Amino acid sequence: MPKKERKRLQVVISEEQDALLTRTAYELSSPERLISKSEVVRLAIERIARELGEGEHIDEYRNLLADENVADDQA
């Protein structure tokens with residue numbers, strides 16, 4: 001069976017954001033299943049999209065994105 005084709009996205013993140021990703025992946029992992037940082041990112045994308053679709057946390061996300069530590073430098 002052919003492997004499912006996925007789009008690749010490359011982003012630049014800070015050392016602190018990478019540490020948060022690593023810690024989150026570690027905390028979500030169990031002895032039976034190791035969770036990757038990529039899986040954490042995919043989970044976050046799905047969760048944010050679902051919450052926005054339901055009209056939840058919009059202002060909170062906008063405020064987080066206004067923070068210069070989170071916002072894209074190219075915005």
Side-chain angles (χ1 to χ4, degrees):
M1 179 182 301
K3 195 172 187 178
K4 184 177 180 181
E5 199 171 311
R6 295 183 182 207
K7 293 188 181 229
R8 292 202 170 268
L9 173 67
Q10 292 183 341
V11 296
V12 177
I13 61 173
S14 69
E15 294 276 336
E16 182 180 345
Q17 291 166 330
D18 185 58
L20 286 170
L21 264 178
T22 301
R23 187 175 72 222
T24 303
Y26 177 78
E27 289 175 4
L28 290 172
S29 293
S30 67
E32 299 81 31
R33 174 118 157 59
L34 182 64
I35 303 298
S36 71
K37 291 192 285 188
S38 294
E39 289 174 294
V40 172
V41 170
R42 287 192 291 272
L43 174 64
I45 290 168
E46 288 178 22
R47 183 156 188 166
I48 291 169
R50 188 176 314 114
E51 288 177 355
L52 291 177
E54 295 170 358
E56 296 179 25
H57 307 290
I58 291 173
D59 290 332
E60 183 180 337
Y61 286 124
R62 285 181 179 150
N63 289 335
L64 285 170
L65 289 169
D67 181 348
E68 64 185 44
N69 293 323
V70 176
D72 188 352
D73 293 335
Q74 299 172 6

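No experiment lies behind these values; they were computed from the predicted model shown.
Remark: E32 engages S30 in a side chain to side chain donor-acceptor pair (under 3.5 Å) (not counting sequence neighbours). Partners of R47 according to the side chain to side chain donor-acceptor pair (under 3.5 Å) rule, which considers only residues two or more places apart in sequence or in another chain, are E51. Taking the salt bridge (Lys or Arg N to Asp or Glu O under 4.0 Å) definition, one finds that E27 meets it with R23, sequence neighbours left out. Take E60 and apply the side chain to side chain donor-acceptor pair (under 3.5 Å) test, not counting sequence neighbours, and it matches H57. Applying the side-chain contact (heavy atoms from CB on, under 4.5 Å) criterion to E15, with sequence neighbours excluded, gives no partner residue. In terms of the side-chain contact (heavy atoms from CB on, under 4.5 Å) criterion, residue partners of R6 (sequence neighbours excluded) are, by chain and number, R42. E39 is linked by a salt bridge (Lys or Arg N to Asp or Glu O under 4.0 Å) to R33, counting only residues two or more places apart in sequence or in another chain. Judged as a side chain to side chain donor-acceptor pair (under 3.5 Å), and not counting sequence neighbours, N63 has no contacts.
Shown are L64, D59, L65; of these, the side-chain contact (heavy atoms from CB on, under 4.5 Å) with R62 is made only by D59.
V12 belongs to no multi-residue hydrophobic cluster, having no ILVMFWY side-chain contact under 4.5 Å with any other such residue. Grouping Ile, Leu, Val, Met, Phe, Trp and Tyr residues whose side-chain heavy atoms lie under 4.5 Å apart, directly or via other members, places L21 in a hydrophobic cluster with L9, V11, I13, L28, I35, V40, V41, L43, I45. When hydrophobic residues (I, L, V, M, F, W, Y) are linked wherever their side-chain heavy atoms come within less than 4.5 Å, L34 remains an isolated member.
In this structure, the separation between OH on Y61 and CD1 on I48 is 4.5 Å, given to the nearest 0.5 Å.
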